[in-house]
Amino acid sequence: MKVASVIVDVPAKQTDKTFDYLIPNRWENAILPGMRVVVPFGPRKIQGFVTEVKAESSFAKLKEIIEPMDLVPVLTNELLSLGNWLTEHTLCFRISAFQAMLPAALKAKYEKWVKLAGNHRPEELPAELQSVFQKNPEIVWNEAVERGLVTALQREAAKGTVEVAYRVKDRLNAKRLKHVYPILSKEQLANELESIPARAAKQRDVLNYFIENPESIEQRELLAKTATTSGTVKVLIEKGLLGEIDKEVYRDPFEERVFAQTRPLALTDDQANAIDPILSSIKEDKHNVFLLYGVTGSGKTEIYLQSIQEVVGKGKEAIVLVPEISLTPQMVNRFKGRFGNEVAVLHSGLSAGEKYDEWRRIQRKEVKVAIGARSAVFAPFENLGIIIIDEEHETSYKQEENPRYHARDVAIQRGLLHNCPIVLGSATPSLETFARAQKGVYQLLTLPKRMNNQDLPKVDIIDMREELRDGNRSMFSKLLFEKLQERLEKKEQTVLFLNKRGHSSFVMCRDCGYVLNCPHCDISLTYHRYNQSMKCHYCGHEDRMPSICPECSSDHIRFFGTGTQKVEDELGKILPEARVIRMDVDTTSRKGAHERLLNDFSERKADILLGTQMIAKGLDFPNITLVGVLSADTMLHLPDFRSSEKTFQLLTQVSGRAGRHKLKGEVVIQTYTPEHYSVELSGEQDFDQFYQREMLVRKMHKYPPFYFLSLITVSHEELMKVISVTEKITNYVRSRLSEEAIVLGPVASTIPRINDRYRYQCLIKYKREPDLAPALKTVLDRYQQESAASGLQISVDVNPYILM
DNA sequence: AGCACGCCGACT
DNA sequence: GTCGGCGTGCTC
C-alpha cells in the first residue's frame, strides 16, 4: 500500500509535523496531495491535509486513512508550497497556514457521540440511559454532558455495552436542486399519453409539456409552468416516464442583477505611460512589482481593468485585492461590467455558502478574475497572470491572527512563482512601499493628474482651539457651518467624516475624572447607546451605564467622545431641514444595509452623508462638493509609530471624495493640531513632502522602513510570571542577535491586561539578522510546549502593524 | 487540542 | 479499599 503524509487538524506545537498513513488500495489513485482526508488520530477521527504520497514510511505501525473528503485536491501544488512558505515566514503551524488559504466552509466540524455497542440492547443499561437509547440509537456527547449522563456512560463504556465514536463533518455541502427530465422519446411519450387514466388531467399536462420541451427542468419551475404539485411528478417518475436528478447549483449573490457591459476607455497620456511597463511585463511573463502611484481620481481602476484584459486575453487569470471596506457594489460593478460572468467576488458580506461557491467557481476554472479582500490572494488559480492590490497602504491587508501574514508579501511570493507582475496601487502609498519604489526595488509608475483635469479640492484647515476661544463650543466650526448651509441652498451634497478610532465614547466623571474601565482588561469601556450599556471591546464584558460616579457619587458622569449619533443630533438642531444619512456600525450591520444607504445617497434622497472610516473610500458621486472632517487628529495621539502616516492617508483619502466630477469640490478639516505636518500636508495633498518629513522621523526613531520589526507578546494570569518569562525571552533573543539589533523589553503592552491576562512584550528592531528567525522559533518551541500546561500564551508577529 | 494513563488524597 | 483530582506525554 502507498503511504500519505498528512498534516492533521490539531494546531499545537507537538503535532506540527506530518503523520504517515496507509492509503487503502481502493483509493490508491484517488488520494492526492492537497486533498483533505479523514484519519484516525489516537482514539479520535480528524481531518488532515495530504502533503505527499510516497511508497513507504519510516514509521513502523501505520494506520489507514479512513476516507478522502475531496474528489479533487483543494490545495494545488503551488498552494501547498505557498503554505510552507507562510509557515516559515509567519512562524505559524502548517495546519493554520493551510486553513487560512481555504474558505471557512472547508474547515471540518467534529462530533463526538455514543452508541450501543455490538449487539447490546437498551434493556441492559441502567434506567436513566435506557430511556435515552430506546428513543435514539445514539446520543451526541455534548447533549450527554448537558443532561449529566457522562459518568453513567463512562461506566457503561468500560463494561463495553456502549462505545464512543467520532464523526468528521463537512461544514456545508454544495447546494442542489431537483431537476426532472423525460426518459422516453417524444413519440414514446405521445404513446404513453393514451394509457394515462382519463381523470389524470394533470399528468397529461406534464407529459405534454415534455413533449414540447424535452430538456430537463428544475422541478420547482416545472410545477409553476404546468400548475401541478410534486405528487403528480412523483407518480410519473414511479411509472418510469420521467427521471429525476439533483443538479448542483451555485448560490449566486448577484442573482437578479444586471451589469451594464462597459468597454475599455481611451487612456490619457499619463495612463498610457503607466500601463505600458505592466503590459510588457505581462507579455514577457516577467515578474515585476509596480507601484502605481496616482492621486485620487487619476484613473487607476481603468489601468487595472485593461491590464487584466491583457492577462485574460493570454488565457491567464487575475486576482484583484481591495480593502474589505471599499469592496463596495460600485467597485464590483466596474469589474462585473467589464468581465461579466468571468468574475468571482469574495467578501465578508457573503454567507459561508456563497463564499464557498464563489471559491469553487475559481477552483473549477469557470472564472478568470477573482476580486476580494485579503484572503482572496490565495485564490486557487493555476495560471496567474497578474495580482493587483488596490489601496496598497491599507492596514487591513495584514492579518492580525495566525498566520499573521501581509497580503502584499504573499502576492509577491506568488508573482515570483508564476512569473507575473504585481501591481500595488495607491494615492498615499505606505512608506515601506514608497521607499522600495524610490530604491528601485519596485518600479514606480505615476499618475500625477486627475482624469478630468479637475483641480484637487481646495482644503481649509480650521483650528478648533481658536473656534473655542471665539466662543463656538459646537462641533461645527463657523466655516463648516456656512458651507453646509450653502450646499443645502444649492442642493449639492456633503460628506461629513468622523474619525472615531481611538476615540470611542468612554464615560468619565466630570467632577473627579474617574473613567469607567473594564474589570478584566486595562481599557476603558465603550458606551453603547441602544441599550444604555458599557461594553468592553476586548473581552465583551458588559455593565450598565451608571447614573452616579462609583468613585465620588457625583451625578455629573457623562460619556465623552463624539459618536455619529451625537453629531446627527446636533445636525438636527442647527440644520433641521437637512436630510441626513448616518453610516456606522449600528446602521450598517444588517445585510445589504451598506449598499442601500449608499444608493439612497446617490439618488439624492439625502443632503448629508455622515459616517466613520467606512465612508472614506470608494465613494464616487458627482454631486458631492463638500467634505467635512469633524476631528482630524483623533488618531494622531495613538501610541503607534504609524499614526502620522494613517492620519495623512485618511485625510487625503477623505478629501478625495469631493469634486470628482464636473462640480468643484471643497474640503474643511477641523483639528486641534493644525500645525502637525500630517494634517497640514494632507491639506495640500502633498504626499511627496509628507514622505520626506515622515522618513526623517522614522529614521530618527529607527522604525520601518529603516528597520524591520518583530514583536513577541507574552500573556498569563499572573503578572510576575509574565514579567519573568518575557525577561528570559528578551535576554535570550538579545544574546542571539548582533550588536546592531535593538531588543526592547520587557515592557507592558499598550493594553496591559486583556481578559484577566497580563501582557508583556519584547520588540525587536533590526536590519539584517539571519539568526532572528531561528531564535524566534526556539522561543516558540520552548514556550509553546509549556503553554498548555501553565496557561502561558506567547505570540510572535513578524512585521507587526499593531504594536498593542 | 483531546485523551489516556498514572499517581496521590478523601470518601462510601 | 475505590473515586476522582489533574500532571505528563502521545497521537502515524
Side-chain angles (χ1 to χ4, degrees), chain A residues 1-25 27-28 31-33 35-69 87 91-100 104 107-115 117 126 140-145 148-160 162-169 171 401-403 715-718 721 780-795:
Chain A
M1 277 192 275
K2 283 205 271 183
V3 173
S5 295
V6 174
I7 292 286
V8 293
D9 182 16
V10 181
K13 187 75 232 154
Q14 289 150 301
T15 49
D16 188 28
K17 55 172 184 161
T18 57
F19 288 81
D20 287 349
Y21 289 89
L22 291 170
I23 300 177
N25 286 330
W27 285 317
E28 182 170 339
I31 288 182
L32 300 168
M35 277 185 185
R36 298 171 304 150
V37 287
V38 180
V39 292
F41 197 63
R44 299 184 285 160
K45 256 162 94 174
I46 58 172
Q47 189 195 60
F49 288 88
V50 176
T51 58
E52 197 192 345
V53 174
K54 50 191 185 180
E56 51 192 37
S57 168
S58 56
F59 198 85
K61 22 187 213 302
L62 296 182
K63 291 186 185 174
E64 287 187 8
I65 285 178
I66 294 170
E67 60 182 348
M69 292 178 77
T87 305
L91 301 169
C92 68
F93 304 127
R94 278 178 85 188
I95 187 68
S96 316
F98 290 152
Q99 263 157 6
K107 207 179 157 200
K109 269 200 312 203
Y110 298 105
E111 203 169 75
K112 183 180 180 179
W113 52 290
V114 185
K115 62 175 179 194
V140 176
W141 188 262
N142 282 342
E143 201 191 323
V145 172
L149 301 173
V150 174
T151 342
L153 284 172
Q154 275 173 337
R155 202 169 290 137
E156 292 306 309
K159 277 198 264 171
V162 300
E163 63 186 352
V164 179
Y166 300 83
R167 242 195 301 262
V168 180
K169 296 206 291 194
R171 229 148 248 270
E401 64 208 50
N402 279 331
S715 76
H716 192 270
E717 285 176 12
E718 286 161 45
K721 175 94 184 161
L780 283 175
D781 281 351
R782 172 91 205 281
Y783 291 96
Q784 268 175 356
Q785 218 93 279
E786 199 182 316
S787 68
S790 63
L792 194 75
Q793 268 174 31
I794 161 159
S795 80

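Note on naming: letters A, B, ... go to the chains in the order of the sequence lines (proteins, then strands), and numbering restarts at 1 for each one. Everything numeric in this text was worked out from a predicted model, so none of it was measured. Computed from heavy atoms alone, side chains included, the values below leave out hydrogens, waters and symmetry copies.
Heavy atoms only, all atoms of each residue included: Val168(A) and Met69(A) are closest at CG1-CE, 3.9 Å. In terms of heavy atoms, Leu780(A) sits closest to Lys13(A) at O-CD, 4.3 Å. Looking at every heavy atom in both residues, Val8(A) comes nearest to Tyr21(A) through CG1-OH, 4.4 Å.
Lys2(A) places no side-chain N or O within donor-acceptor distance of the main-chain N or O of Ile23(A), the cut-off being under 3.5 Å. Of the possible polar contacts, one joining the Asp16(A) side chain to the Arg94(A) backbone as a donor-acceptor pair under 3.5 Å is found. Within the 3.5 Å criterion, the main-chain N or O of Asp20(A) finds no donor-acceptor partner in the side chain of Ser57(A).
For Phe19(A) and dT11(C), the CZ to C1' distance is 5 Å, given to the nearest whole Å. For Arg155(A) and dC3(C), the CZ to C1' distance is 10 Å, given to the nearest whole Å. Rounded to whole angstrom, the span from the CG atom of Asn142(A) across to the P atom of dG2(B) amounts to 11 Å. Summarising the geometry, the separation between CD on Gln47(A) and C1' on dG2(B) is reported as 16 Å, rounded to the nearest angstrom. A straight line from CZ of Phe41(A) to P of dA1(B) spans 13 Å, rounded to a whole angstrom. Between the P atom of dA1(B) and the CZ atom of Arg94(A) lies a distance of 19 Å, rounded to the nearest Å. Following rounding to the nearest Å, Trp141(A) (CH2) and dG2(B) (P) show an atom-to-atom distance of 14 Å. Rounded to whole Å, the distance from CG on Asp9(A) to C1' on dG2(B) is 12 Å.
For Val10(A), the listed nucleotide lying nearest its side chain is dA1(B); candidates were dA1(B), dC3(B), dC12(C). For Arg44(A), counting side-chain heavy atoms from C-beta on, the closest listed nucleotide (dG4(C), dC10(C), dC3(B)) is dC3(B).
Across all strands shown, Lys17(A) has heavy atoms under 4.0 Å from base atoms, whether or not it also approaches the sugar-phosphate. Residue contacts for Tyr166(A): at a heavy-atom cut-off of 4.0 Å it reaches the sugar-phosphate backbone alone, with no base atom in range.
Between Phe19(A) and Phe41(A), the angle of the ring planes goes over 60°, which puts this pair in the perpendicular group of the 30/60° scheme.
In the region residues 57-66 of chain A, proximity to DNA chain C at under 4.0 angstrom, judged on heavy atoms, holds for Phe59(A), Lys61(A), Leu62(A), Lys63(A).
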